[in-house]
> 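My structure is below; once you've seen it, I'll send some questions.
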Amino acid sequence: MKPATLDAELDVRSGGRYRISFTREDGEYFEAGGLYREVVPNERLVFTWAWHSTPERESLVTITLKPDSAGTLMIFHHAQFFDETARDNHQRGWSSFFDKLDTFVA
């Protein structure tokens with residue numbers, strides 16, 4: 001199986017835009033992007049999220065960072081889904097991403 005690839009263009013500031021694209025190990029291609037609504041360094045990041053194939057199905061991601069005795073606590077919230085299927089698919093995708101991030105950080 002071919003390794004996954006990732007490409008990202010980020011303008012991380014309030015009003016800035018981002019675009020990410022990736023190809024999974026199975027060869028399936030995905031592209032998403034959105035607008036940064038709020039950027040507070042080391043505290044909060046709020047941005048819209050929409051797949052390139054369905055831009056009308058925009059959702060909202062909020063990431064909050066808080067000091068914690070073990071380092072930093074990250075609170076991740078993704079809301080305003082088009083339907084339950086979109087919610088469930090995103091939950092699986094983000095869970096996989098955070099599992100990989102956890103492995104990387106460890």
Side-chain angles (χ1 to χ4, degrees):
M1 208 176 263
K2 183 178 162 183
T5 59
L6 171 70
D7 183 47
E9 297 171 15
L10 310 170
D11 181 10
V12 185
R13 62 183 173 86
S14 294
R17 299 190 83 56
Y18 73 94
R19 184 193 67 78
I20 60 170
S21 61
F22 58 96
T23 304
R24 290 191 317 206
E25 290 89 351
D26 65 4
E28 190 168 2
Y29 176 81
F30 296 90
E31 185 175 329
L35 176 74
Y36 291 104
R37 290 191 178 172
E38 184 180 351
V39 177
V40 181
N42 302 313
E43 291 182 23
R44 186 172 165 91
L45 186 62
V46 180
F47 56 94
T48 61
W49 174 278
W51 294 107
H52 181 71
S53 59
T54 54
E56 71 282 0
R57 295 182 178 189
E58 187 176 84
S59 55
L60 188 67
V61 176
T62 301
I63 299 171
T64 305
L65 304 172
K66 295 184 176 188
D68 183 88
S69 61
T72 301
L73 173 66
M74 180 179 76
I75 302 166
F76 181 89
H77 187 253
H78 194 162
Q80 300 177 345
F81 292 108
F82 180 74
D83 58 22
E84 288 181 10
T85 300
R87 180 201 64 201
D88 294 348
N89 288 340
H90 279 86
Q91 182 177 5
R92 278 192 298 281
W94 286 119
S95 292
S96 174
F97 167 78
F98 286 121
D99 287 347
K100 289 175 183 172
L101 179 60
D102 190 45
T103 300
F104 177 78
V105 170

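The figures here come from the full heavy-atom set of this structure, side chains too, leaving out hydrogens, waters and symmetry mates.
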> Can you tell if the side chain of His90 reaches within under 4.5 Å of the side chain of Trp51, non-hydrogen atoms only?
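The answer is yes; the side chains approach within 4.5 Å.
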> Give the intermediate values and the outcome of side-chain contact (heavy atoms from CB on, under 4.5 Å) for residues Arg17 and Asp11.
CA-CA 5 Å; Arg17 299 190 83 56; Asp11 181 10; 5.5 Å; no
> Is it true that Phe76 and Phe97 fall in one hydrophobic cluster, defined by side-chain heavy atoms closer than 4.5 Å?
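Yes.
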> With sequence neighbours excluded, what pairs up with Glu43 under the salt bridge (Lys or Arg N to Asp or Glu O under 4.0 Å) test?
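Partners of Glu43 under the salt bridge (Lys or Arg N to Asp or Glu O under 4.0 Å) test: none.
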> Report, as yes or no, whether the 6.0 Å neighbourhood of atom CD on Glu28 holds more than 12 heavy atoms from other residues, nucleotides or ligands.
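It does: Glu28 CD has more than 12 such atoms within range.
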> Side chains of Val12 and Leu45: closer than 4.5 Å at any heavy-atom pair?
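The answer is yes, as the side chains (C-beta and beyond) meet within the 4.5 Å cut-off.
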> Parallel, tilted or perpendicular: which describes the rings of Phe47 and Tyr18, with under 30° parallel and over 60° perpendicular?
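Perpendicular.
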> When hydrophobic residues are tied together by side-chain contacts of less than 4.5 Å, even through go-betweens, does Tyr36 share a cluster with Ile75?
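No, Tyr36 and Ile75 fall in different hydrophobic clusters.
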> Can a salt bridge be assigned to the pair Asp68 and Lys66 using a cut-off of 4.0 Å between side-chain N and carboxylate O?
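No, this pair does not count.
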> Compile the donor-acceptor pairs under 3.5 Å between side chains in residues 53-60 and protein atoms, sequence neighbours left out, one pair per line.
from, atom 1, to, atom 2, distance (Å)
Ser59, OG, Trp49, O, 3.3
Ser59, OG, His78, NE2, 2.6

> Do Asp7 and Arg19 touch side chain to side chain, with heavy atoms closer than 4.5 Å?
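Heavy-atom side-chain distance check passes, below 4.5 Å.
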> Leu6, Tyr29: one ILVMFWY side-chain cluster at the under-4.5 Å cut-off?
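No, Leu6 and Tyr29 fall in different hydrophobic clusters.
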> Work out which heavy atom in Met74 is nearest to a heavy atom in Ile63; give both atom names and the distance.
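The answer is CG-CG2, 3.7 Å.
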> Quick one: closest heavy-atom pair of Ser14 and Glu38, and the distance?
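That closest heavy-atom pairing would be OG-CA, 3.7 Å.
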> Please determine whether residues Phe30 and Phe98 belong to a single hydrophobic cluster, defined as Ile, Leu, Val, Met, Phe, Trp and Tyr linked transitively by side-chain heavy-atom distances below 4.5 Å.
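The answer is yes; both residues are in one hydrophobic cluster.
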> Test of understanding: with salt bridge (Lys or Arg N to Asp or Glu O under 4.0 Å), list the residues that count as partners of Arg92, not counting sequence neighbours.
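Once residues adjacent in sequence are excluded, Arg92 has no partner under the salt bridge (Lys or Arg N to Asp or Glu O under 4.0 Å) criterion.
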> When you group the ILVMFWY residues by side-chain heavy-atom contacts below 4.5 Å and let the links chain together, are Leu101 and Ile20 in the same group?
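Yes, Ile20 and Leu101 fall within the same hydrophobic cluster.
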> Quick one: does any side-chain atom of Thr48 pair with a main-chain N or O of Leu35 as donor and acceptor, under 3.5 Å?
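Here the side-chain-to-backbone pair exists.
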